[in-house]
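Written out below as structure tokens is the structure these notes cover.
Any value given below was found using the heavy atoms of this structure, including those in side chains, with hydrogens, waters and symmetry copies removed. Quick caveat, the model's predicted, so the values are computed rather than measured.
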Amino acid sequence: NTMSISVKCNVLWDVFNSGNDVNFIGNRAKLSCDSWRTIFGKELITTNKQIYHYRLKIHHACDKGGGFMIGIIPNNKVEATLTRSFTRYGGFAINKGGLLFPGGRRYTNVTWRDGDILDVYLDMDLLTLSFAYNGISLGIACKNLLRQKYRFAITLLYQDDEVELIDLNKH
């Protein structure tokens, strides 16, 4: 006897612009080889909505020195081959070394571990970007963002790095 079960899942990732070496199961994404790969949220961040909030859970961090880069990137720069530098393309990210932004870096004491939760807050009225690490606010990371369309993004680095974009609309 065979039983089939169907589960409805609101997939939050843009699976079509994330490359063939990322495996998606629902809202979990796992890198299948050692290669820098940027994956994107499917929601387009615009000025039509004031506050955007994304929650990412790290299921497995291989961290061989670099750590993930997690943040936002201008929507016109969405491509799976985006490597290493969010800032080269006008994006903003946090990694284990600190906050990365065009023209600089501000250091933090963030270290990725399995089970960590990172919250990303984008206020399109105030044009600010903030992060929280395991429920602790890291404050406003960037002010005076350009008024343009963005996408949530994360760069995975090593084989078996695995993250989950949490659906905050689930009850």
Side-chain angles (χ1 to χ4, degrees), residues 8-18 22 24-29 37-59 61 67-80 82 85-156 161-171:
K8 184 179 178 183
C9 177
N10 179 26
V11 177
L12 304 173
W13 294 112
D14 179 353
V15 297
F16 300 109
N17 285 309
S18 296
V22 179
F24 293 95
I25 299 174
N27 286 314
R28 287 176 81 146
R37 184 64 63 215
T38 301
I39 57 179
F40 306 93
K42 113 179 143 170
E43 180 179 33
L44 183 62
I45 299 168
T46 68
T47 55
N48 295 339
K49 181 176 165 186
Q50 181 185 359
I51 303 289
Y52 290 85
H53 177 199
Y54 299 94
R55 178 168 290 152
L56 188 82
K57 180 175 184 177
I58 297 173
H59 285 282
F68 304 110
M69 287 182 278
I70 303 165
I72 60 169
I73 191 123
N75 186 56
N76 63 344
K77 301 296 182 185
V78 172
E79 57 184 69
L82 183 68
S85 178
F86 274 45
T87 61
R88 182 181 314 153
Y89 302 99
F92 301 84
I94 190 168
N95 71 5
K96 79 172 201 169
L99 175 70
L100 309 172
F101 53 91
R105 169 188 290 249
R106 188 175 79 212
Y107 294 92
T108 62
N109 291 322
V110 173
T111 302
W112 309 132
R113 293 185 182 89
D114 295 356
D116 282 348
I117 301 288
L118 188 80
D119 288 287
V120 179
Y121 301 94
L122 185 61
D123 186 320
M124 292 303 286
D125 279 346
L126 299 177
L127 298 174
T128 59
L129 176 67
S130 304
F131 296 96
Y133 175 68
N134 291 327
I136 299 168
S137 174
L138 300 177
I140 294 176
C142 299
K143 296 178 182 179
N144 303 317
L145 296 172
L146 293 177
R147 193 171 296 279
Q148 62 182 334
K149 295 175 182 176
Y150 293 96
R151 296 279 281 286
F152 172 80
I154 177 171
T155 297
L156 303 176
D161 277 348
E162 186 174 356
V163 296
E164 179 180 5
L165 194 51
I166 305 295
D167 187 349
L168 297 171
N169 293 319
K170 270 188 171 179
H171 299 294

Taking ring-ring contact (aromatic ring centres under 6.0 Å, His included) as the test, write out the residues that go with H59, two or more places apart. none
Under the rule for salt bridge (charged side-chain N to carboxylate O under 4.0 Å, His left out), what residues qualify as partners of K149, not counting sequence neighbours? none
For K49, I'd like to know if atom NZ has over 12 heavy atoms of other residues, nucleotides or ligands within 6.0 Å. yes
When rounded to the nearest 0.5 Å, the distance separating OG1 of T128 from CG of L145 is 7.0 Å
How many angstroms lie between atom CZ of F40 and atom CG of D14, to the nearest 0.5 angstrom? 8.0 Å
Compare all side-chain heavy atoms of V120 with those of F131 and state whether any distance is below 4.5 angstrom. yes
Heavy-atom nearest pair, Y121 first then A132, reads CE1-CB, 4.1 Å
Is the shortest side-chain heavy-atom distance between I73 and T38 below 4.5 Å? no
Taking the side chain as every heavy atom from C-beta outward, state whether I72 and R151 have any atom pair closer than 4.5 Å. no
Less than 4.5 Å apart, any side-chain heavy atom of V163 and any of L156? yes
Atom pair CG/CD1 of L122 and I51 - distance to nearest 0.5 Å: 8.0 Å
Can you check side-chain contact (heavy atoms from CB on, under 4.5 Å) on L12 and D167, steps first, answer last? CA-CA 7 Å; L12 304 173; D167 187 349; 3.9 Å; yes
Run the side chain to side chain contact (heavy atoms under 4.5 Å, CB included) test against T47 and tell me which residues pass, sequence neighbours left out. M124, R147
In terms of heavy-atom contacts, does CG of L127 have more than 12 from other residues, nucleotides or ligands at under 6.0 Å? yes
Shortest non-hydrogen pair, I39 vs A29, comes out as CD1-CB, 3.5 Å
Would you give the length of the straight line joining atom CG of L129 to atom CG of N144, rounded to the nearest 0.5 angstrom? 12.5 Å
Contacts of Y52 that satisfy ring-ring contact (aromatic ring centres under 6.0 Å, His included) - sequence neighbours left out: none
Contact list for residues 114-140, test salt bridge (charged side-chain N to carboxylate O under 4.0 Å, His left out), sequence neighbours left out: R55-D119
Give, for atom CG of N75 and atom OH of Y150, the distance between the pair rounded to the nearest 0.5 Å. 11.0 Å
Can you check whether I154 reaches Y54 side chain to side chain, under 4.5 Å on heavy atoms? no
If we only count heavy atoms from C-beta on, is the F152 to I70 side-chain gap below 4.5 Å? yes
Using the test salt bridge (charged side-chain N to carboxylate O under 4.0 Å, His left out), find all partners of E162 that sit at least two apart in sequence or belong to another chain. R28
